[in-house]
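Data block below; observations after.
Atom set for the values below is all heavy atoms of this structure, side chains included, hydrogens, waters and symmetry mates excluded. In the text below, chain A, chain B and the rest are named by the order of the sequence lines, each starting its count at 1.
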Amino acid sequence: MSNIVNVQSPLYHADFESLASVTKEGGVSLREAKLLGHLNLRGNSDSPEFKNGVEKALGLTLPLTPCTSLQNDDATIMWLSPDEWLIIVEGGQEATVEETLRANITGHFAVSDISGGQTILEISGPDCIKVMQKSTGYDFHLKQFPVGKVIGTAFAKSSTYIRRTSYDSFQLVVRRSFADYFWLWLQQSSKEYGLRITL
Amino acid sequence: MSLMVVIVALAELLDGETRANMLLQKPNWYQQKRQCCAQLMKGRTMQKYSGFGLLKHSLSHHENWQRVWRNPTPKKHYDAIIVGGGGHGLATAYYMAKEHGMTNIAVVEKGYLGGGNTARNTTIIRSNYLWDEAAHLYEHSLKLWEGLAQDLNYNLMFSQRGVLNLGHTLQDMRDIERRVSANRLNGIDSQLLNGQEVQDLVPILDCSKNARYPVMGASWQPRGGTARHDAVAWGYARAADALGVDLLQQTEVTGIRRKDGAVCGVETNRGFISTDKVACVAAGNSGTLAKMVGMELPLESHPLQAMVSEPIKPILDTVVMSNHVHGYVSQSDKGDLVIGAGIDGYLGYGQRGSFNILEHTISAIIEMFPIFSRVRLNRAWGGIVDTCPDACPIISKTHIKGLYFNCGWGTGGFKATPGSGHVFAHTVAKDEPHPLAKAFDVNRFTSGKLIDEHGAAGVAH
Amino acid sequence: MSQVNRLELGGRINRHKTLNFTFNNKTYQGFEGDTLASALLANGVDVVGRSFKYSRPRGIITADAQEPNAIFQIGSNDASTIPNPRATQTELYQNLVCNATNGWPNVDFDLMETVGKVGGAAMPPGFYYKTFMFPQSMWMSYEKIIRKGAGLGSSPLQPDPDTYDKMHHHCDVMVVGAGPAGLSAALAAAQAGSRVIIADEQNEMGGSLLCSTQLLDGMSASAWVANTLSELEQNENVTLLPRSTVFGYFDHNFLGINERRSDHIGETDSNGTRQRLHKVRAKQVILATGAHERPLVFGNNDVPGCMLASAISTYINRYAVVPGNTLSLMTTNDNAYKAAIAWHDAGKQVTVIADTRPIPEAGTEGDLVKQAIELGIKVLFGHAIINVKGSKRVKSVEVAPISSNGEKVEGEVVSYTCDTVASSGGWSPVLHLSSHTGSKPVWRDDIQGFVPGKTEQAQLICGGVNGVYSLTQVLNEGMQCGAKASQAATGEPAQEPLADQEPSAALELSAELEPSAGKKLSAEPAPKLKLVEPSSAPVIKEPVEAPAMALFHIPHVKPTSRAPKQFVDYQNDVTAAGIELANREGFESIEHVKRYTALGFGTDQGKLGNINGMAITAKSLGKTIPETGTTIFRPMYTPVTFGALSGSDVKHLFDPARFTAMHSWHLANGAEFEDVGQWKRPWYFPKPGETMQQALQRECLATRNSVGILDASTLGKIDIQGKDAREFLNRIYTNPWSQLAVGKCRYGVMCKEDGMVFDDGVTSCINDNRFLMTTTTGGAPAVLSWLELWHQTEWPELEVYFSTVTDHWSTMTISGPNSRKVLEKLTDADVSNEAFPYMGWIATEVAGVKARIFRISFTGELSFEINVQANHGLHTWEAVMAAGEEFDITPYGTETMHILRAEKGFIIVGQDTDGSVTPQDLDMNWVVGKKKEFNYLGKRSWTREDNQRSDRKQFVGLKPKDKNFVLPEGAQLVFEPNQSIPMTMVGHVTSSYYSACLGHSFALAVVKGGLDRMGQSVFVPLADGTTVEAEICSSVFYDAKGDRQNV
Amino acid sequence: MLHIYCPYCEEYREEEEFHPHGQAHIVRPLAPESLTDEEWSQYLFFRKNPRGLHHEMWVHAAGCRKFFNMTRHTVTYKILETYKMGQQPSITAEDTQ
């Protein structure tokens, strides 16, 4: 029995490695930020022991304003609902972070490792806002959707969390089983602008 | 088109209606028809319609056509008042007069006759329901449809072009087999078709493996079809009027007066009218009427959208429905593709729904018929459907003597029009449920004996 | 071929670019900038179609969306052909191919016309209802012939070669229509700093200004348009959408816009998007949709050559086409004189103007009237054109004096020779969109038209749609409207403080990643703070106009019923006489009139004829127009392509297809797939040459005898955490959870409040505060939502959280006597029955990967359900396959899984249940908690009367007498096979298979009182007329004691 | 197409993100066993169906997954308010009469 473990991201089958070498031009760039650690955190934001515990564990304040996110070198934490957050950490760190969270938080809370269940697609480029407008009914004007904001929304016939990382770049949190649909959809929607795959 | 009228008229003129009939070897048909007409004539003389009549009237420039119905002043008292002048209400009135001899009755309509869902539906008629109770009721209705134009002397354009319900998954096919098998044993003409048979029947349907949800088979009811919706209301109205029924349009019921636990009359915007029986057939407005007597009904009124394309040359000869991809379509005699959608999940009396339902419905049509992609949608509208928790109607007496309800037909009311009117007329006239209506008593929501037709009624129609 | 009616100068056409096109197999030429209609008129084509009912020849009447006659089939082949576009709204492109949609053998010579003349008399409105009834059985034959005449154009016969998509937008101000009102409104709103979208259905923005001869501030109307557009284009907050029809106005200021991106270029566009559906959510909507001119209703007003007065102006001024040589004009107003003046200026003859208004007092004539008289045009006041002579083209008109109220002909009829008749009965505001959201139009006597009524939407109206027609006023109103909308939209207090959010790490991040983003952020000024000097309205010399006359239906010397046909709605051949007849017959509500006569049911949806029809109804019933009511316009404003409404949601994108981590393996190994919800699940794995039955037999036996493997990843999985998790499970499930120990698993059933089974699955205790729930594949989203519903709305005090982990875990079930041996090769954990008994779970490593293994069994065999993080799913699957090779491990799909579980009598919710089945009906009393403290969901309903019936349908097994006969799934059952139809049915087959392992067929079913009928027979009457018999038996067919799963 | 203010996300979102869940403020009887069948059926099946203001429950399905309440007019479709679970409406039909 081989000791090598093949790890496969949800879009493994799309073979971005090969595509990256052939698609050099395009108004839209797409990258799979794959194999990161994803943790779903639930808790009562009114509870100081919860808030402080998270802050202690992550070194990052728990975002309490709806639809916001915070980030430091090690982790990104996104507000998903008044009692639910998504924590993104480096791949492989999720178990440690989960342990740290459990060690630091007391009271009623929940952490679920969902690293295998989702992936992040990073979409960017001058035409990426148009692709986003084709995909979801949210307003992408900077005034409504500033950098750092994160929204859970319907995306074509699926749903996703979208986080704006700059004027023209976004992260999409995509469930594994829907990843292929997103991939097909984004290819179709960006066709007229040219789609460039990056690694 | 015009050629047709001439030919039909000449055929009628030359050898009368009996000719075609003799060809079909139905010797008693003519007699039956005469009896029926005679019955209709009892109330007053109803001008008989025929192709020959059209030719005759054309000589006088159509100046002498009789009114289709009177515009009467409300009497002080009626033996029964039917609240709601839609198809079901008018049918109820007609059968009460015709079969139960109750001619001193009125239909009270707050707008114009047939102006509610009768005027807004997609006209599909079928009886392939799963559960015995529903199947028998809808089959009763279908049988009435089959002789209705002659009965009413009004062409309802009932076209038995057949109805297909597609199956796209293994579970769809199990459900279809179950329904078809039940229909067969109930004497309803349902058949199970496999994918190839469906393809042969509707060559333009995409039955390929490439579809997102390939067609695996279908149920097929050849006797199902469509009818001209407005004509149903007008035909019943004209025939009821001829039997002496007063049709009171622009008359709104504002209260139901009771005495000693029994109904004694209705308050309207045209004054109080006394009566012993109030039969409510008011679809989405049933709840408002119930509230007048402090009753609640297990009904919710939802928007149901429908739409038509521009008229195109005939290309689709059957009704095609799919629960799974959620849409259905038929082509009218004018050439419009008549398309139905699902209901909106929220309550709505606005006669309009949300745009995303329409978008999804059109996607579903293209999923089934990719060649329709370049056809254009002409008009979309909404009706208000009163839905019951089990997707079956309420045909019921109430705890108040003389008060009856017929409502909750949800998305399937049009096809039931004759049957609904027929069994409700019996229920009201005899003050006891028609045998086919018994199961639809409102008490079923207490006993738990629901008749869950969500499967058969899964896609709104 | 020369364009006989083309003027040598003028128009907005590009004479340097000649375009060839084919109409009815004859080739013509037009210019870039032409519509198909203007090009046909330029070429002197008179007859473009035939009417539906009477097959009368018809010509082009309008220059806009009202056109009822010039409805074509456009396209050269079966795939790209388009039924029913209007020539007036179709831009000409090189090599366009089009045909008339009616007429046999062709539009110029239609045999049916002759028949129409005879039979037509017998076809008043409603004639359908009065005939074709006898005998009943003949209707289908009559209908077949009637249907032959149905429809206008034809559907394509091949799939669409083009693609479509959709785009969402948000804006402060959405301006509908880019005529003078819309452009000035957009400009004002943009200058005030709003985000503006302006859409217009035409190829060029400018609306009526594009054919106006008025000067604005001394410059031509088109120059003003160009300047305004240039300013709008330069404003980055403004989006201009030409060729974009706002077809629907929906609740809460949501608009649907169809942009035609390539229809003007050619038949198809292989690279781009043919049409794009824009979906706009606007804070404020400005309707600047203008007005449509109304024709007058007079005798034979459908003869080709009869046109709207404004259409004539448009063709002359915008397209440099004079559609004839000699013009007669009938009008109720001054404005229409423009057509005669333009005609005259184009060097053609105006025969007569019949002005229906009484002779004005000297000096009170409007400026345009004066101008016409000065030009020497014959103007007859108090006159009307009561009839037209001609068949395929107007030959002459009959003019007569009429009474001052316009109701009677009073005097001698004089004939005038001409080839073109223009008419104008005034203008109708284009209020369709406002009506889409339920707003009822309001009649205004002063403008003789309906305007938008009270609305719930944040909607403003300006210009023609508001009954304002003088250009100066239109521009002023547009500007005011734009400013007002802008203020309303942007003056609102900010909804949320996001913009003032403290600079966070996220913002710093953005600066690092994308320097320009920071700049963009800060560079975004708040334009509304900037005081912009609004443009002021240009100075325009407006002609003085005398009041118009309210007249719709022109009298004839004969009564309407005997007069020549006076058309109201051309497409459906609705005449004034038809409407009056409908009224006489008792169809008095305008909705009845419409439905009975088909008024407004054409593809123009009554744009041209509805108001005239209402006016005729009103007159005939002795009512006013507002008393007669109005008709509510519905979407679409003009027809919208199905493809555009579907966008990209077609073919493989119609609905997402969900895949597991092992999907590529299944594909590579020849799996056939089954759609389960959105999932694609392997159905079975046929080997080359194998039939489905052979494959299933092989898969079943391999699992029963050695080991099989199933991808079970699609089962829903919910991580439940919190100290009240147990209590929550107690309330949701029917069985008790208080005693389930850590490391143990338990099967549970959940019911809805009506007591009917809703979902089932195994839930495992991870630790005292944590459980992992599994659900059915199809039920997963509904179950999660169900848990959240009860927690959020009823029991928020319970400390419990739910997270879906369905996608996180890849699940593979190895099942069969050799499954332990396979597992032992992959893990160091002790998986012996002693260390790891049935209905337990362990955390360990499998194939070098962290795993949870559950000892649960859906096959009845020794089974291990291995769960690994999904990124390791394929790796682990392949490792298991390798380890199992020596045992001939066999992958199986859902069908084998169904057979194996059915042999054990395990239910599948949704297949063996249908929402009307209780746990008791399923003979699953063991899963019903009797002593639970909480009155859990569904319990109360079991004591209702109907639940107490002894003849409820109960879940049993069936053994067909013929051991090889597999009962159809879904087949109905009867106790008495020889009864007549309708039969008394007693249940149905829910699952049915051939069991390779048992050596006979078997089924699961629900049967009335079935549990008390063991050993008795039921019968299955089949479609072919035969009946098969089966014995009622226990639903457990295999290993009743459950020994095999327990080893 | 409704435009709905989610009281948890604190902003307007498109209708496609939400699912309606019927009448709001239906409380599960504390002791179902003590109810008559009639009373139980009222809880199960009988709903207000007003032509006018309606308090109804929605869930922000594609967003924060929170259930919340809405006061909406069933004829005009105008939304007068949305409010969190556990809160009472500030506008009722009586207010507007």
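A ring-centre distance under 6.0 Å is not found for His436(C) and Phe355(B). Trp131(B) has its ring centre no less than 6.0 Å from the ring centre of His988(C). Between Phe633(C) and Trp381(B), the gap from one ring centroid to the other reaches at least 6.0 Å.
Top candidate by heavy-atom pairs under 4.5 Å with chain B, chosen from Val650(C), Asp78(C), Asp251(C), Leu653(C), is Asp251(C). Of the listed residues (Ile366(B), Ile188(B), Asp333(B), Asn186(B)), the one with the most heavy-atom contacts under 4.5 Å to chain C is Asp333(B). Counting heavy-atom pairs closer than 4.5 Å to chain C, the top-ranked of the candidates Ile371(B), Asn210(B), Thr446(B) is Ile371(B). Counting heavy-atom pairs under 4.5 Å between each of Arg595(C), Gln275(C), Glu591(C) and chain B puts Arg595(C) at the top. Options Gln331(B), Met307(B), His324(B), His136(B) differ in how many heavy-atom pairs under 4.5 Å they form with chain C, and the most are formed by Gln331(B). Ranked by heavy-atom pairs shorter than 4.5 Å toward chain C, the options His168(B), Glu177(B), Arg212(B) are led by Arg212(B). Contact count versus chain C (heavy atoms, under 4.5 Å) is highest, among Gly115(B), Gly147(B), Gly111(B), for Gly147(B). With chain C as the partner, the residue from Gln160(B), Met157(B), Lys334(B), Met173(B) showing the most heavy-atom pairs under 4.5 Å is Met157(B).
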Point to revise | Derivation of the side chain to side chain contact (heavy atoms under 4.5 Å, CB included) call for Gln351(B) and Ile632(C) | key: CA-CA 11 Å; Gln351(B) 296 196 329; Ile632(C) 300 293; over 6 Å; no
Exercise for review: Step by step, work out the side chain to side chain contact (heavy atoms under 4.5 Å, CB included) result for Tyr164(C) and Ser373(B).
Suggested key: CA-CA 10 Å; Tyr164(C) 305 81; Ser373(B) 173; 3.6 Å; yes
Exercise for review: Just do the side chain to side chain contact (heavy atoms under 4.5 Å, CB included) check on Arg238(B) and Glu585(C) with the steps written out, would you?
Suggested key: CA-CA 11 Å; Arg238(B) 172 170 168 267; Glu585(C) 287 193 272; over 6 Å; no
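Interface residue Ser916(C): only side-chain heavy atoms are found under 4.5 Å from chain B. Using a 4.5 Å cut-off between heavy atoms, Val325(B) touches chain C through backbone and side chain atoms alike. Interface remark: Ser992(C) contributes no atoms to any contact with chain B (heavy atom separation under 4.5 Å). Using a 4.5 Å cut-off between heavy atoms, Ile365(B) contacts chain C through its side chain alone, with no backbone atom that close. For chain C, the nearby parts of Glu146(B) are the backbone and the side chain; heavy atoms of each come within less than 4.5 Å. Heavy atoms of Glu456(C) lying under 4.5 Å from chain B are absent altogether. Residue Thr984(C): no heavy atom, backbone or side chain, is found under 4.5 Å from chain B. Contacts of Leu157(C) with chain B are made by both backbone and side-chain atoms, with heavy-atom separations under 4.5 Å. With a threshold of 4.5 angstrom between heavy atoms, Ala79(C) approaches chain B through N, CA, C or O but not through any side-chain atom. Within the 4.5 angstrom heavy-atom criterion, only backbone atoms of Phe158(B) (N, CA, C, O) approach chain C. Both the backbone and the side chain of Thr641(C) come within contact range of chain B, with heavy atoms under 4.5 Å apart. Within the 4.5 angstrom heavy-atom criterion, only side-chain atoms of Glu895(C), from C-beta onward, approach chain B. The contact between Asn572(C) and chain B is made entirely by side chain atoms (from C-beta outward), counting heavy-atom distances below 4.5 Å. When heavy atoms are compared at a cutoff of 4.5 Å, Lys144(C) does not approach chain B at all. Only the side chain of Leu277(C) comes within contact range of chain B, with at least one heavy atom under 4.5 Å from a heavy atom of that chain. Looking at Asp649(C), the atoms closer than 4.5 Å to chain B (heavy atoms on both sides) sit in the backbone and in the side chain alike. With a 4.5 Å cut-off on non-hydrogen atoms, Met140(C) touches chain B through its side chain but not through its backbone. At a 4.5 Å heavy-atom cutoff, Ala233(B) makes no contact with chain C through either its backbone or its side chain. There is no contact between Pro125(C) and chain B, counting heavy-atom distances below 4.5 Å. Heavy-atom distances place the side chain of Thr169(B), and not its backbone, under 4.5 Å from chain C.
Only one option out of Arg562(C), Arg584(C), Lys558(C) pairs with Glu63(B) in a salt bridge (Lys or Arg N to Asp or Glu O under 4.0 Å); it is Arg562(C). Evaluated for a ring pair (Phe, Tyr, Trp, His ring centres under 6.0 Å) with Tyr596(C), the options Tyr112(B), Trp234(B), Trp65(B) yield exactly one hit, Trp234(B).
Under 3.5 Å, the side chains of Asp655(C) and Tyr213(B) contain a donor-acceptor pair of N or O atoms.
To the nearest 0.5 Å, atom CG of residue Leu645(C) and atom CZ of residue Arg376(B) are 11.5 Å apart. How far CG of Leu113(B) is from CZ of Phe587(C): 9.5 Å, rounded to the nearest 0.5 Å. Summarising the geometry, atom CZ belonging to Phe642(C) is positioned 11.0 Å from atom OG belonging to Ser363(B); distances are rounded to the nearest 0.5 Å. From Tyr129(C), atom OH reaches atom CG of Leu152(B) across 14.0 Å, with rounding to the nearest 0.5 Å. Here the CG atom belonging to Leu55(B) is positioned 12.0 Å from the CZ atom belonging to Phe127(C), to the nearest 0.5 angstrom. Atom OG of residue Ser155(C) and atom CD of residue Glu310(B) lie 12.0 Å apart, to the nearest 0.5 angstrom.
Remark: Arg374(B) engages Asp162(C) in a salt bridge, criterion side-chain N to carboxylate O under 4.0 Å. A salt bridge links Arg174(B) with Glu969(C): the distance from a Lys NZ or Arg NE/NH1/NH2 to an Asp or Glu carboxylate oxygen falls below 4.0 Å. A salt bridge links Glu359(B) with Lys279(C): the closest approach of a Lys/Arg side-chain nitrogen to an acidic carboxylate oxygen falls below 4.0 angstrom. Ion pairing between a basic and an acidic side chain is recognised when a charged N comes within 4.0 Å of a carboxylate O; Glu588(C) and Arg67(B) show such pairing.
Between Pro83(C) and Val375(B) there is a side-chain heavy-atom pair separated by less than 4.5 Å. Side-chain contact between Leu170(B) and Trp683(C) is present, with at least one heavy-atom pair separated by less than 4.5 Å. The shortest distance between side-chain heavy atoms of Arg178(B) and Asp914(C) falls below 4.5 Å.
In this view, Met983(C) and Leu185(B), Val974(C), Gln979(C), Ile981(C), Pro1021(C) satisfy the side chain to side chain contact (heavy atoms under 4.5 Å, CB included) rule, not counting sequence neighbours. By the side chain to side chain contact (heavy atoms under 4.5 Å, CB included) test, Ile908(C) is found to be paired with Phe858(C), His898(C), Arg901(C), Gln911(C), Asp912(C), residues two or more places apart in sequence or in another chain being considered.
Put simply, the side chain of Thr131(C) gets close to the backbone of Gly51(B): a donor and an acceptor are under 3.5 Å apart.
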